[in-house]
There are 2 protein chains.
Amino acid sequence: MAKVATAHETRAFETDGIPARERLLACAASIFAKRGYAGASMAEIAAEADISKSTVFHHFGSKRALYLAVIETAAQDFAATLETVLEKTGPLDERLVDFQCQHMGHILSNELVTDLVLRELQKSQSTESVHLVRDVLSANFMRLVDFISEAQSQKLLNEALDPSVAALTLISANVFFFQHRKVLKHLPNFDYADRPQPYAKAVIDVIFHGLDRDRSE
Amino acid sequence: MAKVATAHETRAFETDGIPARERLLACAASIFAKRGYAGASMAEIAAEADISKSTVFHHFGSKRALYLAVIETAAQDFAATLETVLEKTGPLDERLVDFQCQHMGHILSNELVTDLVLRELQKSQSTESVHLVRDVLSANFMRLVDFISEAQSQKLLNEALDPSVAALTLISANVFFFQHRKVLKHLPNFDYADRPQPYAKAVIDVIFHGLDRDRSE
DNA sequence: GTCTATAATTCGATAGAC
DNA sequence: GTCTATCGAATTATAGAC
């Protein structure tokens with residue numbers, strides 16, 4: 001009781017209390033990821049966050065809404081990183097390497113939520129969830145496509161290529177690596193299984209320079 | 001009964017009876033894919049193939065073995081296609097487009113088994129299963145890597161790139177498209193959601209020519 | 001089919017901040 | 001005084017056992 005009162009005093013400004021909400025999102029992410037949507041109980045999430053169940057429902061109206069908020073938060077986290085990376089200046093190949101490595105790093109360091117999102121995407125339930133997931137994720141995707149388009153109009157990238165296909169190819173490479181990183185170890189002649197960052201860079205080497213033979217450095 | 005006897009007579013050589021075995025594999029593939037490994041019952045598979053349970057166990061010693069055989073068969077099916085495609089002559093970009101389209105077509109027309117394989121790869125259970133799966137799949141992967149390496153030594157492809165990374169990038173693009181084809185429809189500015197073959201071609205455009213600006217047709 | 005355990009959701013009240 | 005975060009208890013809903 002005394003502890004609760006103390007916690008109240010620590011937040012001085014901001015209309016809605018940030019600490020509890022954030023703690024809640026973090027715990028929810030971990031538990032949803034560990035047990036899946038159905039397997040996770042609001043009671044466990046509340047306990048983990050050291051908050052009463054009712055408070056959870058006060059912040060997020062329902063289990064579903066909490067779940068969506070978890071995913072949305074993860075996407076927005078990456079959106080921030082994305083902005084930082086794409087705003088930089090420098091040679092295009094270096095910026096692409098930077099993007100690819102940051103993206104790889106992001107999905108690996110948030111592996112639980114990444115698994116969650118991938119699982120969610122796979123069951124194509126036409127509920128509100130997927131709609132929102134797609135809306136949220138597509139914002140990041142569009143940001144990357146715009147970046148590529150922009151570079152094309154400035155003649156910095158090959159204009160003949162479809163920017164959305166290029167963007168998706170980049171993302172595919174990272175996601176595939178992420179999903180199968182455990183078994184990739186057993187591919188003969190594949191040196192990158194436990195070196196995600198070098199792999200991300202090698203992918204950009206392929207996609208930026210192209211497989212075509214006429215390379216002159 | 002008469003039909004079965006006839007079938008027996010048609011096979012003159014080969015130690016194990018082919019027609020029943022094939023029918024069995026097809027039914028098993030469909031049922032494993034529909035119900036998952038645990039959910040599938042040997043009784044249902046036997047019934048579907050119009051074969052007695054004992055016959056199933058005669059051909060494949062166990063449920064696990066049947067399951068593995070299904071996956072192995074799918075991989076070998078593709079190995080045949082792969083050989084046909086890679087043996088062709090012609091400009092490298094056309095051959096790569098051919099490969100990418102054939103591969104896309106293969107995973108789409110075998111979508112149930114593809115889902116099965118992908119699910120199997122994701123749970124990295126270190127049992128015999130995964131070992132075999134990896135061995136089988138890696139044969140096809142190596143075939144593609146060898147093809148790229150070969151082309152590189154003949155100066156037909158950019159020698160600076162890692163052939164296994166290039167191969168994996170190709171496969172990643174198709175698999176990602178396959179896994180998320182349902183939700184890709186909802187990406188704004190993405191025209192390929194229901195056009196897998198054009199997408200496969202567009203991916204090769206990107207990976208063959210590269211994002212780099214200095215394209216001179 | 002009822003019974004029961006588990007989990008989601010709602011209600012009413014309290015306390016501190018402005 | 002209103003607003004919002006918080007809680008404990010009460011109320012459905014659902015899934016599995018018998």
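Numbers restart at 1 for each chain; the letters A, B, ... are given by sequence-line order, proteins then strands.
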Donor-acceptor contacts, no H, no angles, side chain residues 191-204 of chain B, under 3.5 Å, sequence neighbours left out:
{"from": "Arg195(B)", "atom 1": "NH1", "to": "Asp191(B)", "atom 2": "O", "distance (Å)": "3.0"}

If a protein heavy atom is under 4.0 Å from the base, mark B; if only from the sugar-phosphate, S; if neither, -; do that for nucleotides 4-12 of chain C going 5' to 3'.
---SBBBB-

Considering residues at least two apart in sequence or located in another chain, which fulfil the side-chain contact (heavy atoms from CB on, under 4.5 Å) criterion with Thr55(A)?
Ile51(A), Ser52(A), His59(A)

All side-chain contact (heavy atoms from CB on, under 4.5 Å) counterparts of Ala46(A), not counting sequence neighbours
Lys53(A), Val56(A)

Would you mind writing out the side-chain donor-acceptor pairs for residues 38-45 of chain B within the sub-3.5 Å range, not counting sequence neighbours?
{"from": "Ser41(B)", "atom 1": "OG", "to": "Glu44(B)", "atom 2": "N", "distance (Å)": "3.0"}
{"from": "Glu44(B)", "atom 1": "OE1", "to": "Arg35(B)", "atom 2": "NE", "distance (Å)": "2.9"}
{"from": "Glu44(B)", "atom 1": "OE2", "to": "Arg35(B)", "atom 2": "NE", "distance (Å)": "3.3"}
{"from": "Glu44(B)", "atom 1": "OE2", "to": "Arg35(B)", "atom 2": "NH2", "distance (Å)": "2.7"}

Calculate the interatomic distance between Arg23(A) atom CZ and dA5(D) atom P; express it in whole Å.
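Computing the Arg23(A):CZ to dA5(D):P distance gives 14 Å.
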
Just the rounded figure in Å: distance from C1' of dA5(D) to CG of Asp50(A).
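The answer, rounded to whole Å, is 15 Å.
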
Just report the end-to-end axis angle for the helix from dG1(C)-dC18(D) to dC18(C)-dG1(D), five pairs per end, to 10 degrees.
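Computed from the C1' atoms at both ends, the axes differ by 10°.
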
Would you list the pairs meeting ring pair (Phe, Tyr, Trp, His ring centres under 6.0 Å) in which at least one residue belongs to residues 30-55 of chain A, sequence neighbours left out?
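Those involving residues 30-55 of chain A are Phe32(A)-Tyr37(A), Phe32(A)-Tyr67(A), Tyr37(A)-Tyr67(A).
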
Contact under 4.0 Å: [X] side-chain N or O vs [N] OP1/OP2:
X	N	result
Ser52(A)	dC7(D)	yes
His58(A)	dT6(D)	no
His59(A)	dT6(D)	yes

I need the minimum non-hydrogen distance between Phe57(B) and Lys63(B), along with the two atoms involved.
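Heavy atoms of Phe57(B) and Lys63(B) come nearest at CE2-N, 4.3 Å.
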
Among residues two or more places apart or on two chains, list those pairs meeting salt bridge (charged side-chain N to carboxylate O under 4.0 Å, His left out) that have a residue in residues 104-114 of chain B.
Glu111(B)-Arg181(B)

For residues 83-94 of chain A, dump all side-chain donor-acceptor pairs below 3.5 Å to protein atoms at least two apart in sequence or in another chain.
{"from": "Glu83(A)", "atom 1": "OE1", "to": "Arg143(A)", "atom 2": "NE", "distance (Å)": "2.9"}
{"from": "Glu83(A)", "atom 1": "OE2", "to": "Arg143(A)", "atom 2": "NE", "distance (Å)": "3.1"}
{"from": "Glu83(A)", "atom 1": "OE2", "to": "Arg143(A)", "atom 2": "NH2", "distance (Å)": "2.9"}
{"from": "Thr84(A)", "atom 1": "OG1", "to": "Ala80(A)", "atom 2": "O", "distance (Å)": "3.0"}
{"from": "Lys88(A)", "atom 1": "NZ", "to": "Asp98(A)", "atom 2": "OD2", "distance (Å)": "3.0"}

